[in-house]
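So you know, we letter chains A, B, ... as the sequences are listed, proteins then strands, and number each from 1.
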Amino acid sequence: MGFLEEAEKIRIQVGEALGKLGYYVEVRVEEPPIPELGDIATPVAFDLAKELRRKPSEIAEEIIREIDVSKLEVVHHVSNVNGFINFHMDPVKYPVAIINEVLSKRGDYGKIPIVRKRILIEHTNSNPNKALHIGTLRNAVIGDSLARFLKFLGHEVLVVNYIDDSGSQVADNTVAHYFMKVPTKPPEGLKFDEYSGKVYAEYNEKISRDEELKRLKSEVIRKIEEGGNEIAEFARRLSEEVVKCQLETAWDFGIFYDLLNWETDVIRSGIFQWAMKELEKRGEVYVEEEGVNKGCLMIKLRDVEEFKNLKAPDEVLIRSDGTATYVGKDIAYASWKLGLTPRKFKVKEWIQQPNGKTILTTHEYGEDYEFPGADIAITVVDKRQEYPQMVVKHALKKIGMPPSKEYHPYLYEVVALSGETASEMTSLEELKSRKVVHMSGRRGLVFNANDLLKTVFQKVYEETKKRHPEESEEWIRKVSMCLSTASVRYSLIKTDRNNLIVFDVKDAVRLEGDTGPYLQYTYARACRIIEKAGVDVDSVNEVSFETPEEQDLVKQIGKFSWVLNTASKTLAMNTIAVYMRHLADSFNSFYEKCPVITDGIRRDRFALVKSFLITMGNAFDIIGIEKLSII
RNA sequence: GGGCCCGUGGCCAAGCCAGGAUUAAGGCGUCGGCCUGCGGAGCCGAAGAUCCCGCGUUCAAAUCGCGGCGGGCCCGCCA
């Protein structure tokens with residue numbers, strides 16, 4: 001029984017005590033600032049002080065007298081400190097309870113009671129005309145961790161990646177390769193997705209400045225949407241090549257998907273037409289007859305409160321040339337996610353992923369995909385898309401999304417470059433003095449995920465080789481890879497999602513301090529103790545933890561479910577990362593002060609180390625970090 | 001013009017949504033210690049903070065409200 005469970009029991013007991021006294025107020029529980037004050041506290045006496053017009057301390061005394069401590073087995077005593085009611089846990093029973101819980105639950109340790117839901121998570125969503133960069137990687141890492149977390153809690157999770165193959169960007173590349181005869185074979189040493197990104201940066205501008213090419217591009221978009229023609233098939237082949245490369249990058253980071261939803265298939269499946277029809281039936285759309293948007297199908301938003309502050313709230317869903325906009329398609333796609341549309345995608349098996357699971361892809365010539373619709377659809381998108389996502393949500397309500405379903409845009413801030421890194425990449429001196437430089441695919445100013453991994457790997461490889469000169473090349477490379485991906489994943493997940501990340505290379509290759517490798521190092525040195533001890537312990541009856549380091553480590557381990565419970569409400573993955581750091585800190589302090597292997601084996605400490613490994617291991621699984629026993 | 005987000009030691013940052021009790025975590029950097037002892041990718045210690053400013057709510061504000069200031073973003077027949 002950890003902090004979460006004990007806090008809940010205390011909440012109930014205090015609630016009963018209040019009942020006896022005739023007081024009715026919600027019982028808040030918290031952790032006291034220093035351990036000497038107690039393990040769990042409630043400031044409930046302060047909440048009552050005002051209406052009772054009495055001193056908190058007196059009220060606390062009164063409440064404490066009514067608390068039935070016998071119902072709280074692991075509580076040793078209760079104290080009143082200036083009005084705070086502090087519960088002091090039994091120094092033996094509490095650790096024993098926590099350790100035995102961890103040792104018996106193992107891979108399930110940390111799970112909390114939930115109402116099981118079917119949850120669809122969409123993430124990554126990079127345009128299929130360029131490589132994944134550190135911005136899309138943040139998206140993917142957040143999405144992947146969310147998926148892992150929700151699965152860990154016991155939800156049914158479907159992970160999808162939306163491939164925007166019918167938009168403007170793919171059209172640019174198609175025009176370049178198909179009409180302007182840019183070779184489709186990348187130059188030596190460049191992956192196709194990276195090459196594609198360069199072609200885009202070069203030709204996007206050329207096309208936008210030439211009226212003839214612009215007309216051609218509009219025609220290409222229409223052909224791609226229609227399908228069943230050479231241009232559409234050509235474009236699909238281009239996109240598939242890029243997506244394959246993007247998937248390889250994602251796999252390197254331990255990110256896998258269940259299904260790829262191609263935007264063209266939103267149209268070809270009839271889902272798009274269905275959604276537009278539904279909106280039309282309900283009078284939510286109209287054809288604009290004048291002005292800049294003449295001839296476009298618009299959705300009416302001008303009278304909706306949330307959109308009042310926009311200059312021109314109504315949004316284009318179908319352009320005057322008959323092609324669909326991103327928002328239009330996304331409304332339709334979202335209606336599928338939640339099972340609102342009777343139309344189905346056709347899918348086929350595409351590629352086997354390194355995790356053994358075959359990824360499905362929507363495809364014109366596939367089989368009907370049976371999906372009853374998610375209870376909750378989470379879309380991981382960067383903050384700049386907040387308004388369009390609000391439009392999607394609004395449209396879904398109009399189409400008839402039941403209140404039991406939830407459409408949840410999961411917004412996060414983008415990744416930008418430090419002036420120094422941007423200037424190094426481009427050799428543009430003038431960028432150096434800038435604090436923040438935003439990435440831009442069009443300007444070719446992007447830091448690719450592949451390049452980041454290579455850079456980090458190089459540093460990690462050196463360090464690993466230094467430490468293990470006797471190991472095989474294969475072993476060193478494998479371990480270095482695990483450390484590198486952990487390093488990148490951790491650095492992208494540990495920051496609050498509302499904060500802009502200013503990416504800097506010299507910071508990215510750091511392996512000490514608050515980093516993924518630090519966590520893995522801590523895990524590995526704990527593994528060494530278990531191995532060297534050469535015994536095993538499955539439960540404990542007694543412990544004698546006298547040092548603050550032991551007590552602190554026990555408490556940290558016991559807080560895991562509390563942390564996950566909070567995270568399940570906020571979906572803030574960084575709080576789990578921060579917890580892992582605290583857990584590692586506690587272990588390292590313990591490690592210095594409390595030997596496990598002395599003349600004999602300290603069984604209680606051994607059990608504590610094992611509990612630490614299980615807890616940290618479960619957290620690794622959630623955040624997507626490999627568990628290595630030697631690094 | 002309107003809206004959203006951020007503002008915590010030189011730098012990065014946790015805590016803020018669910019207000020409390022202390023020296024306001026931690027990391028980088030700086031300075032000083034610790035390996036014949038379970039792995040120094042570590043540990044211990046030192047210096048370093050008007051929690052952007054003002055007003056308000058409250059017994060209590062980094063945390064809540066209002067008003068400023070500074071930075072970023074959004075308001076496209078791009079996605």
Only residue of A:Val242, A:Ile207, A:Asn129 satisfying side-chain contact (heavy atoms from CB on, under 4.5 Å) with A:Asn173 is A:Asn129
In terms of side-chain geometry, is the basic nitrogen of A:Arg222 or A:Glu225 positioned less than 4.0 Å from the acidic oxygen of its partner?
-> no
Notebook entry, point to check: Does the distance from a Lys or Arg side-chain N to an Asp or Glu carboxylate O, for A:Asp314 and A:Lys300, drop under 4.0 Å?
Noted result: no
To the nearest angstrom, the CD-C1' distance between A:Glu463 and B:rG42 comes to 14 Å
Applying a 4.0 Å non-hydrogen cut-off, can you work out what A:Val414 is touching in the nucleic acid: base, sugar-phosphate, or nothing?
nothing
Mate of B:rU23 across any strand shown (Watson-Crick or G-U wobble, both atom pairs under 3.5 Å) is none
Presence of A:Lys494 side-chain N/O under 4.0 Å of B:rC12 phosphate oxygens OP1/OP2
no
Can you tell me if the side-chain N/O atoms of A:Tyr387 get under 4.0 Å from OP1 or OP2 in B:rC4? no
Contacts of A:Asn499 and A:Ser166 projected onto RNA chain B by closest heavy atom; the upstream (5') one is A:Asn499
A:Phe84 has its side chain closest, among B:rC44, B:rG20, B:rG40, to B:rG20
Taken to the nearest whole Å, CG/A:Leu4 to P/B:rA18 is 18 Å
(message) When you measure from the side-chain N and O atoms of A:Tyr518 to the phosphate of B:rC43, is any distance below 4.0 Å, counting only OP1 and OP2?
(response) yes
Per the O4'-C1'-N9-C4 / O4'-C1'-N1-C2 angle with a 90° window around 0, B:rC35 comes out syn
Do A:Thr325 and B:rC77 have a side chain to base donor-acceptor pair shorter than 3.5 Å?
-> no
Testing B:rC77, B:rU22, B:rA41 for proximity to the side chain of A:Pro33, the answer is B:rU22
Touch class at under 4.0 angstrom, heavy-atom based, for A:Leu411 against every strand present: nothing
If pairing means Watson-Crick or G-U wobble with both distances under 3.5 Å, then the partner of B:rG1 is B:rC75
Q: Classify the nucleic acid contact of A:Pro388 as base, sugar-phosphate or nothing, counting any heavy atom under 4.0 Å across all strands shown.
A: base
*Report yes if a side-chain nitrogen or oxygen of A:His438 is closer than 4.0 Å to either non-bridging phosphate oxygen (OP1 or OP2) of B:rC73; otherwise report no.*
yes
In whole angstroms, the gap separating C1' of B:rG37 from CZ of A:Arg602 amounts to 17 Å
Does the side chain of A:Arg525 get closer than 4.0 angstrom to OP1 or OP2 of B:rG40 through an N or O atom? yes
(message) As a quick check of understanding, evaluate side-chain hydrogen bond (donor to acceptor under 3.5 Å, both in side chains) for A:Tyr412 and A:Asn139, giving each step before the final call.
(response) CA-CA 8 Å; A:Tyr412 67 94; A:Asn139 182 309; 3.1 Å; yes
Is the ring centre of A:Tyr518 less than 6.0 Å from the ring centre of A:Tyr490? no
Pairing of A:Glu531 and A:Arg528 as salt bridge, 4.0 angstrom limit
yes
| said: Is A:Tyr591 stacked against the base of B:rC43, taking the criterion as centroid distance under 5.5 angstrom and interplanar angle under 30°? | reply: no
Paired to B:rA61 by Watson-Crick or G-U wobble criteria (both distances under 3.5 Å) is none
Against the side chain of A:Arg510, the closest entry in B:rG27, B:rC43, B:rA21 is B:rG27
Atom CD of A:Glu386 and atom P of B:rG2 are separated, to the nearest Å, by 18 Å
Closest of B:rG39, B:rA14, B:rC73 to the A:Asn574 side chain is B:rA14
Q. Is the shortest side-chain N to carboxylate O distance from A:Asp382 to A:Arg138 below 4.0 Å?
A. no
So, OP1 or OP2 of B:rC77: does either fall under 4.0 Å of a side-chain N or O from A:Lys329? no
Side chain A:Arg581 and base B:rG27 donor-acceptor under 3.5 Å: no
In whole angstroms, the gap separating C1' of B:rA21 from CD1 of A:Ile85 amounts to 14 Å
With a non-hydrogen cut-off below 4.0 angstrom, is A:Asp314 in contact with a base, only sugar-phosphate, or nothing?
-> nothing
note: A:Asp321, atom CG; B:rG76, atom C1'; distance rounded to Å ~ 15 Å
Margin query: For a quick check of understanding: with a heavy-atom distance under 4.0 Å over all strands, which category does A:Cys527 fall into, base, sugar-phosphate or nothing?
Written below: nothing
| request: Check every strand shown and say whether A:Ser168 touches a base, only sugar-phosphate, or nothing at a heavy-atom separation below 4.0 Å. | output: sugar-phosphate
With the side chain defined as heavy atoms from C-beta on, A:Val316 is closest, among B:rC77, B:rC5, B:rG27, to B:rC77
> If you look at every strand shown and take non-hydrogen atoms under 4.0 Å, does A:Val596 touch a base, only sugar-phosphate, or nothing?
Replying inline: base
message = Under 4.0 Å between a side-chain nitrogen and a carboxylate oxygen: does that hold for A:Lys466 and A:Glu462?
response = no
Out of B:rG42, B:rA41, B:rC44, minimum distance to the side chain of A:Thr464 belongs to B:rA41
ask   = When we call it a touch if two heavy atoms are under 4.0 Å apart, what does A:Ile530 touch: a base, just sugar-phosphate, or nothing?
value = nothing
Quiz item: Looking only at N and O atoms, is any donor in the side chain of A:Asp585 or the base of B:rA25 less than 3.5 Å from an acceptor on the other one?
Solution: no
CG of A:Leu613 to CZ of A:Phe587, rounded to nearest 0.5 Å, is 7.0 Å
Check your understanding: Does a side-chain N or O from A:Asn293 land closer than 4.0 Å to OP1 or OP2 of B:rC77, or not?
Key -> yes
By the Watson-Crick or G-U definition, both distances under 3.5 Å, B:rG42 is matched with B:rC34
Taking for A:Ser589 and for A:Tyr521 the nucleotide of RNA chain B with the nearest heavy atom, the one nearer the 5' end belongs to A:Tyr521
Taken to the nearest whole Å, CZ/A:Phe307 to P/B:rG76 is 13 Å
Among the nucleotides B:rG42, B:rC73, B:rC75, whichever has the atom closest to the side chain of A:Lys311 is B:rC75
Among B:rG39, B:rU22, B:rG42, the one nearest any side-chain atom of A:Glu512 is B:rG42
_Looking at B:rC78, I'd like to know if its phosphate oxygens (OP1 or OP2) sit under 4.0 Å from a side-chain N or O belonging to A:Arg319._
yes
- Message: Quick check on B:rG42: is either OP1 or OP2 less than 4.0 Å from any side-chain nitrogen or oxygen of A:Thr522?
- Response: no
Which of B:rA21, B:rG39, B:rG42 is nearest the side chain of A:Asn86? It is B:rA21
Q. Reckon A:Ala533 touches a base, only the sugar-phosphate, or nothing at all at heavy-atom distances under 4.0 Å?
A. nothing
Just call it for A:Asp496: base, sugar-phosphate, or nothing, with non-hydrogen atoms closer than 4.0 Å on any strand.
sugar-phosphate
B:rG67 -> Watson-Crick or G-U wobble partner, both distances under 3.5 Å, gives B:rC53
Taking only Lys NZ, Arg NE, NH1 and NH2, and the carboxylate oxygens of Asp or Glu, determine whether A:Asp172 and A:Lys217 approach each other closer than 4.0 Å.
yes
The nucleotide from B:rA14, B:rC12, B:rG27 with an atom nearest the side chain of A:Asp514 is B:rG27
(request) For A:Asn82, answer base if it contacts any base atom (sugar-phosphate contacts may also be present), sugar-phosphate if it contacts only those atoms, and nothing otherwise; contact means non-hydrogen atoms under 4.0 Å. (result) nothing
Between CZ of A:Arg28 and P of B:rC16 the distance, given in whole Å, is 13 Å
Next on the checklist: Once you apply a heavy-atom cut-off of 4.0 Å, does A:Ile630 come out as touching a base, just sugar-phosphate, or nothing?
Outcome noted: base
